[in-house]
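Structure first, commentary second.
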Amino acid sequence: MSVLLYGAGIVLLVFALIDIVTRGEDQVRGLPKFAWVLICIFVPVVGSIVWFAVGHDWSANDRNHGRYLEPNRHEDRYASIGHARAAHGDKRVNGTEQELAELEREIEYWEAQARLRRAKEAAGEGDPTPGS
């Protein structure tokens, strides 16, 4: 029975060491890879279990491991606003200016319609209902 437990400990240690060595630095949590290797070698069974429970990053995506990270924004991909404008041009600025101009024209149109309706109502012409 003790041989079976000893063999299981060796197999667990080997799997843990292989897993530590094959992982990238961004996939290791808590301590550097070298520290995890030393822990697993000096305390084989407990170190291996702690590695799989704490040190091994099981998530498929990137994690921040408790560190604050700024949210990814489109602008963060460029070193400066100048680089972003060079990559995308002034599409966004021009698009916003065009939208504002269209909104101003629409406001002027509806104000003119309202003035015309009020003038017709004051003169007693037409239907005083809205939308005519």
Side-chain angles (χ1 to χ4, degrees):
M1 179 76 164
S2 65
V3 174
L4 185 62
L5 289 176
Y6 182 73
I10 295 294
V11 168
L12 183 64
L13 172 65
V14 169
F15 279 135
L17 289 175
I18 290 172
D19 192 43
I20 294 169
V21 171
T22 58
R23 295 265 164 208
E25 286 292 335
D26 59 332
Q27 296 173 325
V28 176
R29 297 189 310 175
L31 298 170
K33 285 172 52 170
F34 182 72
W36 282 113
V37 170
L38 290 178
I39 289 172
C40 286
I41 289 174
F42 289 121
V43 189
V45 175
V46 174
S48 299
I49 292 171
V50 171
W51 158 252
F52 284 116
V54 177
H56 185 280
D57 190 3
W58 293 98
S59 67
N61 57 358
D62 292 335
R63 295 173 60 170
N64 67 1
H65 306 295
R67 296 180 300 265
Y68 175 74
L69 298 175
E70 287 282 333
N72 286 337
R73 295 178 304 214
H74 181 69
E75 294 86 13
D76 290 342
R77 296 184 195 144
Y78 304 101
S80 68
I81 292 179
H83 288 100
R85 284 189 179 156
H88 296 287
D90 288 330
K91 293 181 212 171
R92 184 173 180 182
V93 173
N94 291 339
T96 304
E97 289 174 357
Q98 290 171 350
E99 288 177 12
L100 287 173
E102 290 171 5
L103 288 172
E104 288 174 1
R105 284 192 296 271
E106 186 176 349
I107 290 170
E108 290 173 4
Y109 171 78
W110 288 110
E111 286 176 347
Q113 291 295 321
R115 281 193 304 269
L116 182 61
R117 186 172 49 247
R118 284 191 303 267
K120 284 184 178 180
E121 289 173 7
E125 300 175 8
D127 188 19
T129 59
S132 61

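Note that these values count all heavy atoms, side chains included, but never hydrogens, waters or copies made by symmetry. Along the sequence shown, residues carry numbers from 1.
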What is the distance from atom [atom1] of [X] to atom [atom2] of [Y], rounded to the nearest 0.5 Å?
{"X": "Ile20", "Y": "Ser48", "atom1": "CD1", "atom2": "OG", "result": "7.0 Å"}
{"X": "Lys33", "Y": "Glu25", "atom1": "NZ", "atom2": "CD", "result": "5.5 Å"}
{"X": "Lys120", "Y": "Arg115", "atom1": "NZ", "atom2": "CZ", "result": "14.0 Å"}
{"X": "Gln113", "Y": "Glu108", "atom1": "CD", "atom2": "CD", "result": "13.0 Å"}

Got [X] and [Y] here, is their nearest side-chain heavy-atom distance under 4.5 Å?
{"X": "Trp36", "Y": "Leu17", "result": "no"}
{"X": "Leu12", "Y": "Phe52", "result": "yes"}
{"X": "Leu31", "Y": "Ile39", "result": "yes"}

With hydrophobic residues grouped by side-chain heavy-atom distances under 4.5 Å, do [X] and [Y] end up in a single group?
{"X": "Val46", "Y": "Phe42", "answer": "yes"}
{"X": "Val43", "Y": "Ile10", "answer": "no"}
{"X": "Val50", "Y": "Ile41", "answer": "yes"}
{"X": "Val54", "Y": "Ile49", "answer": "yes"}

Q: Applying side-chain contact (heavy atoms from CB on, under 4.5 Å), run through Trp51 and Val28 and close with a yes or a no.
A: CA-CA 9 Å; Trp51 158 252; Val28 176; 3.9 Å; yes
Q | Any donor-acceptor pair under 3.5 Å from Glu102 side chain to Glu99 backbone | A | no
Q: Could you tell me whether a side-chain N or O of Trp110 sits under 3.5 Å from a main-chain N or O of Arg105, the two making a donor and an acceptor?
A: no
Q: Check step by step if side-chain contact (heavy atoms from CB on, under 4.5 Å) holds for Leu5 and Val45.
A: CA-CA 10 Å; Leu5 289 176; Val45 175; over 6 Å; no
